[in-house]
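Note on naming: letters A, B, ... go to the chains in the order of the sequence lines (proteins, then strands), and numbering restarts at 1 for each one. In what follows, every heavy atom counts, from backbone to side chain, and hydrogens, waters and symmetry copies are set aside.
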Protein chains: 2
Amino acid sequence: MEIINDQLARGEHPKAGVFERAWSWVKALPGNFKNKVTKVAKNTIKLGKDDPRRVIHSLKVAMALTLVSLLYYWRALYDGLGVAGMWAVLTVVVVFEFTVGATLSKGLNRSFATLLAGALGIGANHLASLFGEQGEPIILGVLVFLLAAASTFSRFFPRIKERYDYGVLIFILTFSMVTVSGYRVEGLLQMAYQRLITILIGGGTCIILSIFLCPVWAGEDLHSLIASNIDKIANYLEGIGGGEYFQLPKDGKSTKVTQNNGYKSVLNSKNTEESWANFARWEPGHGRFKFRHPWKQYLKTGALVRQCAYQIETLNSHINSDVQVPQEFLQIIQASCITMSTESGKALKALGTAIKTMKDPKSACQHLENSKNAVEELHIALKAASLEDADILAIIPAATIASILVEIVTCVEKISMSVYELSQLADFKVVEATVSPEIKPQLLHKGSINPILLDDGDYNPHVVIRVDEIDMGSHQEDDKISRQTPKGPKQIEEV
Amino acid sequence: MEIINDQLARGEHPKAGVFERAWSWVKALPGNFKNKVTKVAKNTIKLGKDDPRRVIHSLKVAMALTLVSLLYYWRALYDGLGVAGMWAVLTVVVVFEFTVGATLSKGLNRSFATLLAGALGIGANHLASLFGEQGEPIILGVLVFLLAAASTFSRFFPRIKERYDYGVLIFILTFSMVTVSGYRVEGLLQMAYQRLITILIGGGTCIILSIFLCPVWAGEDLHSLIASNIDKIANYLEGIGGGEYFQLPKDGKSTKVTQNNGYKSVLNSKNTEESWANFARWEPGHGRFKFRHPWKQYLKTGALVRQCAYQIETLNSHINSDVQVPQEFLQIIQASCITMSTESGKALKALGTAIKTMKDPKSACQHLENSKNAVEELHIALKAASLEDADILAIIPAATIASILVEIVTCVEKISMSVYELSQLADFKVVEATVSPEIKPQLLHKGSINPILLDDGDYNPHVVIRVDEIDMGSHQEDDKISRQTPKGPKQIEEV
């Protein structure tokens, strides 16, 4: 360093470029550091503001940990449990998840797996001890090897992986630990007992705190995710219906639609939906949801919504291509295209609101009817049209869009059927047909709608359609509620 | 039971229905049990046959566990490490994952987090001890609370969640355990040291076994997943090109295409791709992949392939609708539609093969060119067509399909650009332009192709196009290799 300083002092710059860059880097360091800290602070505040439940969750975990630490500080408990108190700390850290369902799933998996593996482990130890001093470690080693291999392989079964993955992991863990330490540690039974008690204390703390202190229910998140996904595609459809794509061009050029890309997140929502539905199954009844709420029907509805989003994705790529539509053709399809997209958008909005408020999805019925009528009108208009001097090449882009819109109307119909089934299964407030009876057979005929699946897996051949006159005027009220309900699910697990 | 038997003997059937059902259930029990066992056995064999690496993985985990158990059986080690040897067992069970990348990620996260948290924990203990007998537990409790809350919140940051989630978990765990037990256990330093050593032993065993014994590389899986996804959409396109949809109907009715729904799995491959890319980053160089292989470019390519799959999904719903296409219109579009789908399918096949064999994607060039020419031909044919007495309503379905095919050709072009970039970044054997130079500016003009992104995040404004004459005759060879390479990725992580 002194040599370099000397050189710099004498005005010599042997590797000027390198040093200058290094110096300017050092000079910029405090500023860069400050920028970075500001950025992290801003991100932190944003994360917290986006979903305050994250802050609450962090405090809950910290509280659970501090509570469990009492095991150590409080002498009486320490004397009883010894160093095993550590397992309670470990359990809290590992088990406490963001949603109640995930916490319950992990906590119960851990408790039962420990119990089972502990019992098996003690049994294995007794068995091995029959083989004498020499044989014992060999028998234990072979048993650990076999059970570990079998359990690890069982984790590849989709159904086990989905629900009991963590349990199997803890099973291998506890079994190996109990058998292996049984060979050395005296008081094996006491150790197993302590481990179980501490895991129950840790897991119990987590479960109680997660259920009774500002609970985050996976089921509720799934419920609002599906509703908001429906809203997102509804927004897109209403956007292009009310937008400028189908307007007659004033300056002879078709104007671009304002982008409304909220629907894009629907395309990849499958994993989130499935894991939330999986956690929701572990949750006890809460608020508007019973213990055996039909979570599977949410997955079905979600899949249909995603199907619709794929169509919209294609529609979007066609709408954004810069092609001039001949006015004469636009006049033919304009009205029915606007009605198709606007009305199917409105139908979806009504379905989303029906899910959110858990009221009957009846209000979607009229909009769906309108959009289907528009399809008919389009067909009639096209049949009547004579396009003798039409440029077929110029017509095609607009025709394609109309054609995809027709397909979307079919999709929306399927979604409405699925929401209707959901409303039946989950006992929404006033159960009523979403589509008029004469439409239904035709729908069922297409083979795309499954008959109502009851909770116990039996098919119900009867579809009850009750018409309730009392609630006929509630559309406006629904609209009001839909505006009050905050939009957008909190997709925390994926962040 | 005796009463019931008596009643039955006397021919009385008090609750005949119930008992009969119960009896037939009991009678069926052995059969049902046998069926269930057979089914599970069949499933097990199928799981193992589908991917034998699963069996090997299970054996590897069992071997690692048995090796680590030696810590206990071997007295010398036991005397040195005491009960802490358990941590080695725990580490093996928790860290050993299916792919090398996942194992490395967990092992390194666990080691560094333990080291850091252990050091911080010991520091916290010293700090707390300054506050005397009374103050110590309070200070420790406050420290645990603060650190646990902050760490838990940090797990909501997407970048931390993606790569260091497990590390943060272990950090909270170790810190709480060290500070809390420091208050009680003597020889805190020794405990921290033992814990670190055992974790290193357990983690080291896992990492060594997973790398040197039949390794499963996440990077290799990602590589073949992308290639096989490209293959799947290629199969669909070739299927409809060679299929009967565009054939002139012989009996006046359009025939249905044979379903080829392999592409459906591409729609939801995002999560798998992202997690494999994430694990691949942790992996050292192996086989054909260097340490800093451009995994990000695979994600880009995968996203474009998915985009194409969305278009195909829409195309599929249109192709399956039962509409009769007027022969006169079919004649106009037939040739170019067949060429578009067949040639873009072939281009994709060539791109898939180029990725699989890591050779230059040059052979796709001609097919892409052909499909683009077919788009031009379609335009010309439609411009020249006079459809004075045409039924516009009947034309639209076929026109829509043609229109979506044009969009798919654009998609395939983007995929080919992305694969070309990949070939440059990953030094595929002979690097050459996938599209001829005069096409490229037009592509870039659409704003859909990003300039080449170098590994360090800088943009490279120069695109080097080298033309190599030597390899011009290798198309057929590529085809041969593509047939030999087994198809379909092993999506084990998702099972």
Side-chain angles (χ1 to χ4, degrees), chain A residues 43 47 54-55 57-59 61-62 65-66 69 72-73 78 83 86 89-90 93-94 137 141 144-145 148-149 152-153 156-158 161 169 172-173 176-177 180-181 183-185 267-268 270-271 310-311 313-314 317-318 379 382-383 385 387-388 392-393 396-397 399-400 403-404 407 492 495, chain B residues 43 47 54-55 57-59 61-62 65-66 69 72-73 78 83 86 89-90 93-94 137 141 144-145 148-149 152-153 156-158 161 169 172-173 176-177 180-181 183-185 267-268 270-271 310-311 313-314 317-318 379 382-383 385 387-388 392-393 396-397 399-400 403-404 407 492 495:
Chain A
N43 274 343
L47 264 183
R54 290 171 182 159
V55 181
H57 172 70
S58 307
L59 295 177
V61 172
L65 259 181
T66 317
S69 304
Y72 259 74
Y73 300 143
Y78 175 67
V83 198
M86 257 190 230
V89 175
L90 199 147
V93 175
V94 178
V144 166
F145 186 91
T152 305
F153 189 78
F156 288 115
F157 284 92
K161 172 130 201 119
L169 189 84
I172 312 173
L173 186 69
S176 324
M177 278 172 51
V180 163
S181 46
Y183 180 63
R184 293 277 172 197
V185 178
L267 297 169
N268 291 307
K270 189 176 182 231
N271 285 47
Y310 297 149
Q311 302 271 357
E313 177 74 359
T314 314
S317 67
H318 282 270
H379 284 179
L382 285 173
K383 252 205 145 60
L387 292 162
E388 274 164 35
I392 190 112
L393 182 60
I396 285 185
T400 305
S403 184
I404 297 175
E407 207 62 38
I492 303 92
V495 174
Chain B
N43 274 344
L47 265 184
R54 289 172 183 157
V55 181
H57 172 71
S58 308
L59 295 177
V61 172
L65 259 180
T66 318
S69 304
Y72 259 75
Y73 300 141
Y78 176 65
V83 197
M86 257 190 229
V89 175
L90 199 146
V93 176
V94 178
V144 166
F145 186 90
T152 306
F153 190 78
F156 288 115
F157 283 92
K161 174 133 200 114
L169 189 84
I172 311 175
L173 186 69
S176 325
M177 278 173 52
V180 163
S181 46
Y183 180 63
R184 293 276 170 196
V185 178
L267 296 170
N268 291 308
K270 192 178 182 228
N271 285 47
Y310 297 149
Q311 302 271 355
E313 177 75 359
T314 313
S317 66
H318 283 271
H379 283 180
L382 286 173
K383 253 206 145 64
L387 293 161
E388 274 165 31
I392 192 118
L393 183 60
I396 284 184
T400 304
S403 183
I404 296 175
E407 206 62 40
I492 303 94
V495 174

Does the side chain of B/Phe153 come within less than 4.5 Å of A/Leu59's, by heavy atoms?
-> no
Rounded to the nearest 0.5 Å, how far apart are CG of A/Leu47 and CZ of B/Phe157?
-> 5.0 Å
Nearest atoms (heavy-atom pairs only) where A/Ser58 meets B/Ala149 | CB-O, 3.4 Å
Determine the minimum heavy-atom distance between B/Ser403 and A/Ile396, stating which atoms define it.
-> CB-CG2, 3.9 Å
Contact summary for A/Asn268 and B/Leu267, nearest pair of heavy atoms | OD1-O, 4.3 Å
For the residue pair A/Thr314 and B/Glu407, establish whether any side-chain heavy-atom pair is separated by less than 4.5 Å.
-> no
Could you tell me how the ring of A/Phe156 sits relative to the ring of B/His57: parallel (under 30°), tilted (30 to 60°) or perpendicular (over 60°)?
-> perpendicular
Heavy atoms only: give me the nearest A/Val144-B/Leu65 pair and the separation to one decimal.
-> CG1-CB, 4.3 Å
Tell me, do A/Val61 and B/Ile172 make a side-chain contact under 4.5 Å, heavy atoms counted?
-> no
Taking every heavy-atom pair that is under 4.5 Å apart, which of A/Thr66, A/Leu173, A/Leu169, A/Val55 has the most such pairs with chain B?
-> A/Leu173
